[in-house]
Amino acid sequence: MKKMITLLLITSALLTACGSSSDSGSNSKPAQTAKQVGVTKSADASSAEQTSDSIAESSQAEQTESGSDSKILVAYFTPAENGELDAVTSASKVNFWGEDMGNAEAIANVIAAYTGGDLFSLQTVKDYPVDYDDLVNDAKAEQEAGTLPELATAVDISGYDTVFMVYPVWWYTMPQPIYTFLNDYDFSGKNIIPVTTHEGSGMADSVSKLSELEPDASVGEGYSVAGGDVAGCQEDIESWLKDEGF
Ligand SMILES: Cc1cc2nc3c(=O)[nH]c(=O)nc-3n(C[C@H](O)[C@H](O)[C@H](O)COP(=O)(O)O)c2cc1C
């Protein structure tokens with residue numbers, strides 16, 4: 001698997017870097033960043049409990065399941081928020097707006113800040129391995145078994161019209177927690193826009209899988225950012241969002 005990922009890394013260096021443009025822009029943290037919504041489910045799952053760091057840092061008013069007037073939800077999954085960030089391999093971590101975070105989280109932050117959407121971090125009950133090889137093996141095993149890892153965070157999506165789903169490509173498809181998200185929630189009538197980060201696979205099977213699994217939603221073409229280009233992709237992402245009418 002390491003060989004495969006190395007090959008993907010080389011391939012990605014040869015590919016157009018960031019969406020349809022290879023220009024590398026500079027990042028600038030907006031004065032107003034996005035709000036985190038969602039709650040961490042309590043251990044007995046009988047009631048919602050707000051215990052995640054991001055939620056704990058938010059004001060009391062923000063600690064609600066829906067929590068906002070925004071019609072846009074930016075839901076993201078990144079292993080850096082599902083394990084021990086400090087131990088996460090640098091391939092899956094970027095210093096963005098002055099903080100270390102996963103690639104998918106950085107992209108989600110840009111989308112949420114630009115669109116005024118709410119951020120929701122999809123976190124799993126299980127911790128993913130921080131060692132890269134262990135992670136790729138774990139992800140492969142989950143995928144082969146069709147495991148839907150239980151989500152530890154929850155959000156009320158009823159008020160949102162548009163849901164951006166931001167995640168790394170894992171083994172040529174979406175990470176299993178995204179499949180859980182699709183399984184657990186009703187996306188009928190919503191506009192789903194997939195956004196991936198990857199090392200060569202681009203959108204992978206995102207659009208076809210989402211369309212198959214959510215026939216009553218409208219699925220956009222989406223956008224992809226190569227992992228090595230996340231650090232400089234803010235302008236390109238904003239330009240794409242502008243073109244999409246956001
Ligand atoms: C388990 C695993 C499987 C991966 N499979 C692929 C793949 O099939 N295609 C690809 O282009 N990149 C693949 N990658 C690379 C990640 O998609 C890429 O490094 C991404 O930028 C990581 O984002 P993150 O920091 O949010 O985890 C894989 C990475 C991991 C950890």
Side-chain angles (χ1 to χ4, degrees), residues 1-19 24 27 54 74-97 99-112 119-124 126-149 153 164-181 194-209 222-234 236-237:
M1 178 61 191
K2 202 158 196 178
K3 277 190 196 141
M4 187 274 271
I5 295 294
T6 307
L7 193 64
L8 287 166
L9 282 164
I10 295 166
T11 312
S12 90
L14 300 171
L15 290 173
T16 299
C18 185
S24 196
N27 302 318
S54 55
V74 184
Y76 67 94
F77 169 78
T78 187
E81 288 201 341
N82 288 272
E84 200 184 326
L85 177 66
D86 289 347
V88 167
T89 168
S90 59
S92 262
K93 196 162 63 173
V94 62
N95 189 272
F96 203 82
W97 293 348
E99 279 177 51
D100 280 343
M101 58 180 80
N103 288 334
E105 182 182 0
I107 295 167
N109 267 288
V110 172
I111 295 172
L119 273 173
F120 172 60
S121 174
L122 276 165
Q123 293 173 15
T124 48
K126 70 176 259 188
D127 274 351
Y128 278 88
V130 290
D131 176 81
Y132 199 75
D133 285 346
D134 290 347
L135 178 58
V136 294
N137 290 333
D138 186 282
K140 182 70 176 164
E142 266 192 348
Q143 190 189 109
E144 283 177 353
T147 306
L148 295 179
T153 50
F164 286 88
M165 288 188 197
V166 189
Y167 49 85
V169 174
W170 274 8
W171 286 101
Y172 311 109
T173 186
M174 305 180 281
Q176 291 302 119
I178 295 289
Y179 284 94
T180 308
F181 189 42
V195 179
T196 72
T197 175
H198 63 96
E199 300 299 347
S201 296
M203 296 300 296
D205 63 356
S206 300
V207 177
S208 58
K209 270 286 169 203
Y223 193 77
S224 63
V225 183
D229 298 311
V230 169
C233 263
Q234 183 171 353
D236 285 336
I237 291 171

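Since this is a predicted model, take the numbers as computed values, not measurements. When a ligand or atom number is given, it counts from 1 through the structure's own listing order.
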Show me which atoms of ligand 1 lie under 4.0 Å from any heavy atom of G227. 21 (O)
Pair Y167-T78, side-chain contact (heavy atoms from CB on, under 4.5 Å): steps then yes or no: CA-CA 6 Å; Y167 49 85; T78 187; over 6 Å; no
Examine P79 against ligand 1 and note whether any of their N/O atoms are separated by less than 3.5 Å. no
Please check whether F77 reaches ligand 1 - meaning an N/O of the residue sits under 3.5 Å from an N/O of the ligand, judged on distance alone. no
Among the heavy atoms of A80, does any lie under 4.0 Å from an atom of ligand 1? no
Side chains of F96 and N103: closer than 4.5 Å at any heavy-atom pair? no
Could you tell me which atoms of ligand 1, counted from 1 in the order shown, lie closer than 4.0 angstrom to a heavy atom of G200? 11 (O)
Taking atom 14 (N) of ligand 1 as the point of reference, which of V169, T196, N137 owns the nearest heavy atom? V169
Among the heavy atoms of Y132, does any lie under 4.0 Å from an atom of ligand 1? yes
Nearest 0.5 Å please: distance from the OG atom of S206 over to the NE2 atom of H198. 10.0 Å
I'd like to know if the side chain of T180 reaches the main chain of P149, judged simply by a donor and an acceptor atom lying under 3.5 Å from each other, with no hydrogens or angles considered. yes
When rounded to the nearest 0.5 angstrom, what is the spacing between CD in E105 and CD in E81? 4.0 Å
If the cut-off is 4.0 Å to any non-hydrogen atom of G102, which atoms of ligand 1 fall inside it? 25 (O)
Between W170 and Q176, does any side-chain donor sit less than 3.5 Å from a side-chain acceptor? no
Under a 3.5 Å threshold, yes or no: a donor from one side chain and an acceptor from the other, between E142 and Y128? yes
Near A104, which atoms of ligand 1 are under 4.0 Å from a heavy atom of that residue? 26 (O)
Test side-chain contact (heavy atoms from CB on, under 4.5 Å) applied to Y76 and N109, step by step: CA-CA 9 Å; Y76 67 94; N109 267 288; 5.6 Å; no
Which atoms of ligand 1 are found less than 4.0 Å from any heavy atom of T78? 24 (P), 25 (O), 26 (O), 27 (O)
If you measure from each non-hydrogen atom of A139 to ligand 1, which part falls under 4.0 Å: side chain, backbone, both or neither? side chain
What distance separates M101 CE from I107 CD1, expressed to the nearest 0.5 Å? 11.0 Å
Any N/O of W171 closer than 3.5 Å to an N/O of ligand 1? yes
With side-chain contact (heavy atoms from CB on, under 4.5 Å) as the criterion, how do T173 and Y179 come out once you've worked through the C-alpha distance, each side chain's angles and the decisive distance to 0.1 Å? CA-CA 10 Å; T173 186; Y179 284 94; 2.6 Å; yes
Close-contact set for ligand 1 against Y172 heavy atoms, below 4.0 Å: 7 (C), 8 (O)
If we number the atoms of ligand 1 from 1 as shown, the ones under 4.0 Å from a heavy atom of L135 are 1 (C), 31 (C)
Backbone or side chain, does any N or O of G202 fall under 3.5 Å from an N or O of ligand 1? no
Residue part near ligand 1, for Y167, under 4.0 Å between non-hydrogen atoms: neither
